[in-house]
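Letters A, B, ... are given to chains in the order of the sequence lines, protein chains preceding strands, and every chain is numbered from 1. In this text, all values refer to a predicted model and were calculated from it rather than measured experimentally. Worth knowing before you read on, the calculation uses all heavy atoms, side chains too, and leaves out hydrogens, waters and symmetry mates.
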There are 2 protein chains.
Amino acid sequence: MAVTLKEVAERAGVSRSAVSRTFTEGASVSARTREKVEKAAKALGYQPSLIARSLATNRTKLIGLVANNFQNPAFLDVFDLFTSELQKRGLRPLLVNLSGDTSPKKFVELLRQYSVDGVIVATSTLPTSFANAFQTAGIPVIHTFGKYQANANVHVVGINNEHCGSMAARTFADRGYRSVALLGGPETATSTKDRTAGFLRTSNELGLSVVAKVFADNYTYRAGREAMADLMKTETIEAVFCGDDLICMGAMDAAKAAGKSIPQDIGFLGFNDIAMAGWDAYSLTTIRQPIRDIIMSSVELVVGMVENPDRSPEIRLFPCTVIDRGSLRPTIGPDS
Amino acid sequence: MAVTLKEVAERAGVSRSAVSRTFTEGASVSARTREKVEKAAKALGYQPSLIARSLATNRTKLIGLVANNFQNPAFLDVFDLFTSELQKRGLRPLLVNLSGDTSPKKFVELLRQYSVDGVIVATSTLPTSFANAFQTAGIPVIHTFGKYQANANVHVVGINNEHCGSMAARTFADRGYRSVALLGGPETATSTKDRTAGFLRTSNELGLSVVAKVFADNYTYRAGREAMADLMKTETIEAVFCGDDLICMGAMDAAKAAGKSIPQDIGFLGFNDIAMAGWDAYSLTTIRQPIRDIIMSSVELVVGMVENPDRSPEIRLFPCTVIDRGSLRPTIGPDS
DNA sequence: AATTTCTTTGCAACCGGTTGCAATTTTTTC
DNA sequence: GAAAAAATTGCAACCGGTTGCAAAGAAATT
């Protein structure tokens, strides 16, 4: 069906090697030969088969992209950036949907079968051991949104969650909140644990009291709503730090439904800065995770890994920033 | 590096064919041989290379998934369903991000190089000719969310947009609206054109007057907001039919910002039924597109195409339904 | 013009599987 | 227990490229 090297070679009156070389970067071919080959290739509509090339070169230019959160709008950005960034470099993403699975075994096998050149594990809810399994299997891997660990043996690109939790507490303190609550994401997620730790530590340091602590069991509006219902049993909460914008919006709606106004009666601080956070209906003050930087850096790193697999593991953390909108009361000036 | 067939064969004391056959569905191997091979394979950690297999069988089990709308939450469902549905069948999605490009040439070449078994073009904004280009190149293709055409030569799975537009007009009429407006998606999209046609035709038939007609230039909240500002110059609008929920939410916020209340002062009817439509802040009455059915059917069809490429082009249209929430006033009873 | 050096070219082996075919082994039949 | 039928096995060619190597050709040097 498809046109092959051999046919092009015959038509151009050269050897198969010559054809191969005209299509390989930096190979040695004379201008005359190249011209003949290109003409023949064009005439025949020849496209080199990447499959065959992969077999010979042991490189597929396929990068696995494994994710387990296909319902959060934050992942729209992730997919968009990943695909276009890989595309720019002539690579292709092979999408893997974990959908609930937490054991890497099956997926390591799968990606090995496809001989992907590298894998990006984009999730904040899985332990480091997950990404590690790819490493062990000899597949270059980056754990994007992963946990920062001093003794890491896997590349990690993301943020310092502990620090972000701390930042949330400081933000509350700056605005004069004293009695605050935490509405975290799934409790087992490393990101949740770290943020919680940072939040509690700094709250303590700054004299805030964390009067309630609840965890949503997934990153959804509904989970946020339900968790907030729980939280409202505690009367004294002045502000809530949420583990995710989606959860936060659910929580805000629960508060509104209970007759509270935001930020007068209760303040909310989100996490991620998804597009909806900027919508009038929520106008959510939130901690922005620099997804673009994280993705670009991850892609760059995975490409680097493919070229030099023995590169020693790097941790790349990007700073988060508070995006001020309307769900928290304003900062207290120095003279008030 | 990786373990190969040959090594397994040697360890098991059989021929390479025998090993190959133990790993091929329905091939003829005795229980004794199979056992020996499996033991050797396990010991060595053997994984057959799909690349090599692809070269020999001319099947890659790769399905291209091309999309150009990575910012709409509706696509979260699309990606989720596509990936998990393919996964179930032992296939893999190769994601392609059109990001603005509208010429198929580059992408046909790309997907041919990867020898994908089939392609799903998931977009409502590109002409039929786009999907057609794959067909012409000999790649089985499904145009998901594509335009229904009587003389189609490409499989199409989606909805009847003309009919949906009509449904919108009928919905307005049922609730006693008389003076209505259209806030469409991108004007060049076939889906927009068809819905507009249906909406205008039925409005006319039912005696509604369409007092304004505007098109957002992309499927975003912002575009909806801006378009609504335009629309509000027309004083007499009682209800707006939007080409997309995201656009609709932007429009609703523009209306609210202008002091209108929904649905008392103005009604809104969305399209798609994304998750946010159900959120309290919007409580959007919208026309639901059965994305799950559409995706499942597309996958099933593309698999069918791979097995029998000469299958004649099918059109599969699924019905849309109005999801009643709070952005339109209630239906007028027969006796009021 | 002869020698040396640098490029270009084709040959042939290889990447890791599959598969038609003929030979061999096993099972069934009488 | 022999003949016929069915199942299993290995050989070898093939899928469509790449690449090390040696031979051939072109360019540079003396």
Between protein and nucleic acid, restricted to nucleotides 4-6 of chain D and to nitrogen or oxygen atoms under 3.5 Å apart, what atom pairs and distances do you find?
none

query: Looking at residues at least two apart in the chain, or sitting in another chain, which of them share a salt bridge (charged side-chain N to carboxylate O under 4.0 Å, His left out) with B:K106?
result: B:D101
- prompt: By side chain to side chain donor-acceptor pair (under 3.5 Å), which residues pair with A:T22, not counting sequence neighbours?
  reply: none
- prompt: Does a donor on one side chain and an acceptor on the other come within less than 3.5 Å for A:T125 and A:N68?
  reply: yes
Listed partners of B:E109 passing salt bridge (charged side-chain N to carboxylate O under 4.0 Å, His left out), at least two apart: B:K105
task: Rounded to the nearest angstrom, tell me the gap between atom CD in B:Q113 and atom P in D:dG16.
output: 15 Å
message: Whole angstroms only, please: what is the CZ-C1' distance between A:R59 and D:dT19?
response: 15 Å
task: Quick one: sort the B:Y46 and B:F23 rings into parallel, tilted or perpendicular, breaks at 30° and 60°.
output: perpendicular
task: Assess whether atom CZ of B:R292 is packed by more than 12 heavy atoms of other residues, nucleotides or ligands within 6.0 Å.
output: no
- prompt: Which residues in residues 44-57 of chain B have at least one heavy atom lying under 4.0 Å from any atom of DNA chain D?
  reply: B:L55, B:A56
- request: Round to the nearest Å and state the distance from B:R34 atom CZ to D:dA7 atom P.
  value: 16 Å
statement: Correct closest heavy-atom pair for A:Q71 and B:L76 would be O-CD1, 3.6 Å
- prompt: Can the ring centroids of A:F79 and B:F75 be said to lie less than 6.0 angstrom from one another?
  reply: no
message: Counting only heavy atoms and a strict 4.0 angstrom limit, can you tell me which residues of residues 12-33 of chain B come near DNA chain D?
response: B:V14, B:S15, B:S17, B:A18, B:R21, B:S28, B:V29, B:S30, B:T33
query: Whole Å only: how far is the OH atom of B:Y114 from the C1' atom of D:dG16?
result: 16 Å
message: Rounding to an integer number of Å, can you tell me how far A:L5 CG sits from C:dG10 P?
response: 12 Å
- prompt: Just wondering, are more than 12 heavy atoms of other shown residues or ligands nearer than 6.0 Å to CZ in A:F107?
  reply: yes
query: Expressed in angstrom and rounded to an integer, what is the separation of B:K6 atom NZ from C:dC15 atom C1'?
result: 11 Å
query: Is it true that A:R89 and A:E85 make a salt bridge, defined as a side-chain N closer than 4.0 Å to a carboxylate O?
result: yes
statement: Nearest heavy-atom contact between A:I159 and A:L317 is O-CD2, 3.6 Å
